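See below for the structure under consideration.
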Amino acid sequence: MSRWLSLIFIACLTGTLGLAGSSQVPETSTPMIGEEPAITRHMSQADIEAGNVSLDELIAHGRDLFMASFNSLDGAGRPEQTGKGAPRQRREIPDNFNRISGPDANACMACHNLPAVGGGGDNVANVFLLADTFPFVNFDGDPVGNGPNNTLKTIGNERNTPGMFGSGFIELLAREMTADMHAIRSSALAEARISGRPVTAALVTKGVRFGSLVVSPDGSIDTSAVEGVNDDLIIRPFHQKGAAVSLREFTNNAAIHHHGMLSVEQAGEGEDPDADGHVNELTVGDITALAVFQATLPAPVQVEPATQIEREAAALGRRLFHQVGCAMCHVPELPLASLEFEEPGPFNPDNDLQPEDVSSILSFDLSPFIKNLKKDEQGRYLIPVFTDLKRHDMGELLNTDALVQDGIPKHVWLTRKLWGFASEPPFLHHGRATLISEAILAHGGEAQSQRDAFADLTGDQQAALLEFLLTLQIEPD
């Protein structure tokens with residue numbers, strides 16, 4: 001019996017399955033007649049911190065929230081608020097839903113469903129990032145609602161749904177890399193003060209170089225040579241641009257943008273900024289459960305081809321993957337010192353729960369959620385992510401955004417995590433590539449030489465390299 005089937009069986013026996021079972025709110029003595037909210041119970045953060053909620057209960061509640069089709073009784077929709085929190089003219093049915101500026105989906109799993117709940121999404125589920133800054137987009141010529149002279153291509157940045165499998169390991173890697181670079185910066189500051197001379201420090205963590213910084217004795221820092229990360233040296237491993245620090249930030253932002261579900265962290269306890277008549281639509285505990293569910297989505301695997309000839313081709317393809325230089329950015333394995341996931345994380349931004357906000361930090365081991373785990377000579381866990389968690393210039397063909405996201409140049413993208421990606425077509429940030437080969441040939445900028453090296457391979461060699469990439473899958477189970 002699979003872990004999930006076991007969990008469901010236990011939950012059915014104990015009454016913890018479903019949205020009606022993961023909260024600390026007691027059941028009413030009589031059943032509800034007629035329509036109900038999708039969330040009939042909410043999770044209490046106080047109970048989580050007190051240790052009254054098991055990890056399996058948290059995961060089950062988070063999964064149910066992820067699968068829930070939020071409705072008006074939950075507080076879905078934001079009639080008087082944009083996705084960025086600005087006020088707008090009140091919008092009621094039929095203007096309560098907007099495919100471009102949002103709310104644009106009823107459930108998390110509506111987009112995150114390939115090849116299973118928590119995965120990527122088809123092009124039909126593409127969203128328009130930053131269009132939620134506008135009051136209501138319908139291209140009716142209203143310069144207030146749509147912005148002056150905007151079109152479908154300029155109103156927002158089209159995005160294909162990213163898969164979330166293995167996300168707990170990704171966040172842990174980002175935390176450790178951030179901590180490494182902060183330690184390098186602190187050491188350089190101390191050395192500059194003691195020596196009285198400027199100190200240049202190379203920013204290298206887990207074998208990935210993020211440029212360098214220069215620290216002066218007076219404490220000033222020159223970050224002009226920092227590469228692939230913000231000047232604050234915080235790795236942001238989520239979004240195709242690398243714009244979200246944590247699963248918690250990702251979830252809080254997505255809830256209001258896509259569903260109009262305001263979390264207490266974003267809206268405030270008992271507050272109703274979107275004027276829909278509902279407060280506390282997602283509790284702090286609910287967001288914790290959603291973050292934990294995503295953090296424990298199993299890590300992708302490498303699936304061995306069925307036949308000997310395919311296996312030989314995949315083995316050749318792995319060698320070619322390194323030979324043409326793909327592994328320079330799509331680093332096959334990154335070392336991780338600890339598999340202990342803590343929630344909330346240490347680098348969450350304002351309006352997201354932070355460690356100092358809780359009486360105790362939730363901590364759990366991610367080792368049950370990854371298979372065939374290896375260690376290096378230093379005892380670190382080797383996580384097969386195929387990324388460097390660094391942003392790169394990807395050239396003009398991928399310079400498709402109309403709007404700048406979080407100050408990140410439009411031609412710059414976070415290195416795609418290739419583990420599991422073969423199970424989540426289409427490809428590229430906007431889903432325009434239906435084949436992996438099309439995605440490779442769209443590379444440019446810093447990856448131009450690798451792109452050209454792939455193009456120069458023989459047809460059989462290209463096929464072998466693609467056969468290797470096709471082994472990077474998410475298990476159907």
Side-chain angles (χ1 to χ4, degrees), residues 2-5 7-8 11 16-23 36-43 56-77 83 97 99 102-129 159-168 170 238-240 244 247-263 281-283 286-300 369 417 420-421 423-426 431 473-477:
S2 74
R3 182 181 182 281
W4 279 117
L5 288 177
L7 178 59
I8 290 171
T16 60
L17 180 67
L19 296 171
S22 295
S23 169
E36 301 181 19
I39 309 172
T40 58
R41 293 187 177 184
H42 291 279
M43 182 69 74
D56 278 351
E57 288 173 327
L58 265 177
I59 295 171
H61 186 63
R63 181 181 175 87
D64 288 339
L65 287 168
F66 200 88
M67 296 177 68
S69 182
F70 301 117
N71 62 50
S72 300
L73 299 177
D74 295 295
F97 188 89
R99 188 62 188 82
D104 53 24
N106 303 107
C108 301
M109 72 165 291
C111 299
H112 294 275
N113 54 44
L114 292 176
V117 174
D122 187 271
N123 264 321
V124 72
N126 282 10
V127 299
F128 296 88
L129 185 73
R159 293 285 190 271
N160 186 245
T161 305
M164 306 306 292
F165 282 90
S167 288
I170 296 296
F238 302 111
H239 285 290
Q240 288 96 328
L247 289 167
R248 190 170 206 103
E249 181 187 10
F250 179 85
T251 300
N252 271 318
N253 293 344
I256 181 175
H257 177 166
H258 300 303
H259 314 304
M261 292 290 293
L262 274 64
S263 67
E281 295 166 9
L282 289 169
T283 66
D286 288 338
I287 298 298
T288 296
L290 277 164
V292 168
F293 165 67
Q294 292 170 92
T296 56
L297 284 168
F369 306 100
K417 311 162 192 71
F421 91 120
S423 299
E424 299 176 326
Q473 297 181 23
I474 294 165
E475 286 188 303
D477 197 25

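Count residues from 1 along the sequence. Worth saying up front: this structure is predicted, and the values here are computed from it rather than measured.
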For the [atom1] atom of [X] and the [atom2] atom of [Y], what is their distance to the nearest 0.5 Å?
X    : Y    : atom1 : atom2 : answer
R248 : L290 : CZ    : CG    : 9.5 Å
T296 : D56  : OG1   : CG    : 9.0 Å
N253 : E249 : CG    : CD    : 5.5 Å

Side chain proximity check, [X] to [Y], heavy atoms < 4.5 angstrom:
X    : Y    : result
L58  : M43  : yes
L297 : F369 : no
D64  : F293 : no

### Task
Ignoring hydrogens and angles, tell me if any N or O in the side chain of E475 forms a donor-acceptor pair with the backbone of A299 under 3.5 Å.
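Side chain of E475 to backbone of A299, a donor-acceptor pair under 3.5 Å: no, none is there.
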
### Message
Checking the side chain of N71 only, and the main-chain atoms of E36 only, is there a donor and an acceptor separated by less than 3.5 Å?
### Response
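Yes.
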
Which pair of non-hydrogen atoms, one from [X] and one from [Y], has the smallest distance, and what is that distance?
X    : Y    : answer
I39  : D74  : N-OD1, 2.9 Å
M164 : L247 : CE-CD2, 3.6 Å
P426 : G121 : CD-O, 3.6 Å
A105 : C111 : CB-SG, 4.4 Å
E424 : I474 : OE2-CD1, 3.2 Å
S69  : A38  : O-CB, 3.4 Å

### Summary
Residues at least two apart in sequence or cross-chain that pass ring-ring contact (aromatic ring centres under 6.0 Å, His included) with H257, listed by chain then number, are none

### Task
Could you tell me which residues satisfy ring-ring contact (aromatic ring centres under 6.0 Å, His included) with F70, sequence neighbours excluded, listed by chain and number?
H259

Would you please name every residue forming a side chain to side chain donor-acceptor pair (under 3.5 Å) with [X], sequence neighbours left out?
X    : value
N252 : S263, E265, D352
T161 : none
S423 : none
Q294 : T251

#### Entry: M67/V117 under side chain to side chain contact (heavy atoms under 4.5 Å, CB included): CA gap, chis, key distance, verdict
CA-CA 8 Å; M67 296 177 68; V117 174; 4.0 Å; yes

### Query
Yes or no on side chain to side chain contact (heavy atoms under 4.5 Å, CB included) for I170 and F238, after CA distance, side-chain angles and deciding distance?
CA-CA 9 Å; I170 296 296; F238 302 111; 4.1 Å; yes

### Task
Just do the side chain to side chain contact (heavy atoms under 4.5 Å, CB included) check on L262 and L282 with the steps written out, would you?
CA-CA 6 Å; L262 274 64; L282 289 169; over 6 Å; no

#### Entry: side chain to side chain contact (heavy atoms under 4.5 Å, CB included) partner of N126, chosen from V124, D122, L129, N123
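So, applying the side chain to side chain contact (heavy atoms under 4.5 Å, CB included) to N126 and each of V124, D122, L129, N123, only N123 qualifies.
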
### Query
Do E281 and D286 pass the side chain to side chain contact (heavy atoms under 4.5 Å, CB included) test, and can you show the C-alpha distance, the side-chain angles, and the key distance before you say yes or no?
CA-CA 9 Å; E281 295 166 9; D286 288 338; over 6 Å; no

### Message
Classify the ring geometry of F250 against H112: parallel below 30°, tilted from 30° to 60°, perpendicular beyond 60°.
### Response
perpendicular

